[in-house]
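Quick notes on the structure that follows.
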Amino acid sequence: MVNSTVFNQIVEPNWLARPATIVAPLLLGCVLVRQLPDGRVIRGLIVETEAYAVGDPAFHAYKRRSDRNSVVFGPAGRSYVYLIYGIYHCFNVVTDVDGVPSAVLIRALQLESVPDGENLHRFAAGPGKLCLALQIDRSLNGSLLQPGEALWLEHRSSEQQLAGSDSIVQTTRIGISKGVDLPWRWYIKNCAAVSRF
DNA sequence: TGACTGATTGGA
DNA sequence: CCAATCAGTCAT
């Protein structure tokens with residue numbers, strides 16, 4: 001009864017080494033931690049996720065391995081970051097076992113604080129916006145998600161336990177033109193930091 | 001609804 | 001080589 005009530009447990013690669021459709025809802029309520037080059041730390045509660053997996057036509061790895069998507073073919077516990085529409089970045093957590101392409105897109109965070117004048121609940125409400133807020137770009141693609149690196153994940157603390165499955169909404173994914181019927185998007189119900197309701 | 005932006009991809 | 005596409009965001 002010492003550290004467990006004070007410090008969050010780190011999310012380990014083995015915990016992520018399951019199908020993206022399993023991990024994506026479990027990541028809701030976990031904390032994404034960003035340590036900036038100057039040492040400052042930004043923490044955000046994950047409130048919206050999407051799964052991308054084998055046989056999924058919307059997945060970047062649907063057709064073949066390439067320079068861009070190679071990290072999602074590797075073992076769980078690394079970041080997959082790509083540039084989208086020429087201007088924004090998207091951050092994913094690589095999941096499932098080595099050799100099975102799979103990832104979870106982190107779509108929105110609830111931050112602890114935001115710059116003066118910014119909306120606390122909207123500053124990281126969207127995959128491009130959260131990468132801006134946490135200064136995530138392609139230089140972090142393939143990085144290990146563990147303390148001491150630029151990014152890591154922590155499990156839900158006792159103060160932020162989700163009430164139960166009632167508090168999670170499962171629906172279809174956003175912004176894609178293929179695989180639109182797969183219900184592989186999850187978000188925390190009634191959370192003002194979700195990108196779209 | 002459409003403008004913006006540039007890496008990536010797939011087809012000549 | 002070139003054209004289309006794109007897991008987004010914001011202003012209109």
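In the text below, chain A, chain B and the rest are named by the order of the sequence lines, each starting its count at 1. Quick caveat: nothing in here was measured; it's all calculated off a predicted structure.
For R64(A) and dG10(B), the shortest distance from a side-chain N or O to OP1 or OP2 is below 4.0 Å. For the pair R107(A) and dG8(C), the criterion of a side-chain N or O lying under 4.0 Å from OP1 or OP2 is met. For S66(A), a side-chain nitrogen or oxygen approaches OP1 or OP2 of dT9(B) to under 4.0 Å. At the phosphate of dA7(C), neither OP1 nor OP2 sits under 4.0 Å from any side-chain N or O atom of K178(A). Close to dT8(B), at under 4.0 Å from its OP1 or OP2, lies no side-chain N or O of H60(A).
Distance R68(A) CZ to dG10(B) P: 10 Å, rounded to the nearest Å. As a whole-Å value, the separation of N69(A) CG from dA7(C) C1' is 13 Å. Note: CZ (F91(A)) to P (dG8(C)) measures 16 Å, nearest angstrom. Straight-line distance from the CZ atom of F123(A) to the P atom of dC10(C): 10 Å, rounded to whole Å. Rounded to an integer number of Å, the gap from Y52(A) OH to dC6(C) P is 12 Å. Between the CZ atom of R138(A) and the C1' atom of dG6(B) there is a distance of 9 Å, given to the nearest Å. Rounded to whole Å, atom P of dG8(C) lies 11 Å from atom CG of N92(A). Distance NE2 (H89(A)) to P (dC6(C)): 19 Å, rounded to an integer number of Å.
In this structure, I87(A) reaches the bases: a heavy-atom distance under 4.0 Å links it to at least one base atom across the strands shown. Note on R173(A): nothing from the nucleic acid sits closer than 4.0 angstrom, heavy atoms only. Using a 4.0 Å heavy-atom criterion, one finds that G128(A) contacts the sugar-phosphate atoms exclusively.
No side-chain heavy atom of Y187(A) sits less than 4.5 Å from a side-chain heavy atom of R107(A).
Below the 3.5 angstrom threshold, one finds a donor paired with an acceptor across the side chain of Y82(A) and the base of dA7(C).
Each of dT9(C), dG10(B), dA7(C) was ranked by its minimum atom distance to the side chain of I176(A); first place goes to dA7(C). Between dC10(C), dC6(C), dT8(B), one nucleotide has an atom nearer to the side chain of K129(A) than all others, and that is dC10(C). Closest contact between the side chain of Y85(A) and the listed nucleotides dT5(B), dT8(B), dG10(B) involves dT5(B).
Test R185(A), K189(A), K129(A), R173(A) against E48(A) for salt bridge (Lys or Arg N to Asp or Glu O under 4.0 Å) and you get one pass: R185(A).
The number of heavy atoms from other shown groups lying within 6.0 Å of CG (D38(A)) is above 12.
The aromatic rings of Y82(A) and H60(A) sit perpendicular, their planes meeting at an angle over 60°, well past the 30° parallel limit.
Here dT5(B) sits opposite no nucleotide as a Watson-Crick or G-U wobble pair (both hydrogen-bonding atom distances under 3.5 Å). Remark: dA7(C) base-pairs with no nucleotide; criterion is Watson-Crick or G-U wobble with both hydrogen-bond distances under 3.5 Å.
Checking S143(A) against E149(A) by side-chain atom types alone, no donor-acceptor pair falls below 3.5 Å.
Using a 4.5 Å cut-off between side-chain heavy atoms of Ile, Leu, Val, Met, Phe, Trp and Tyr, with links allowed through other members, L83(A) and L140(A) fall into different hydrophobic clusters.
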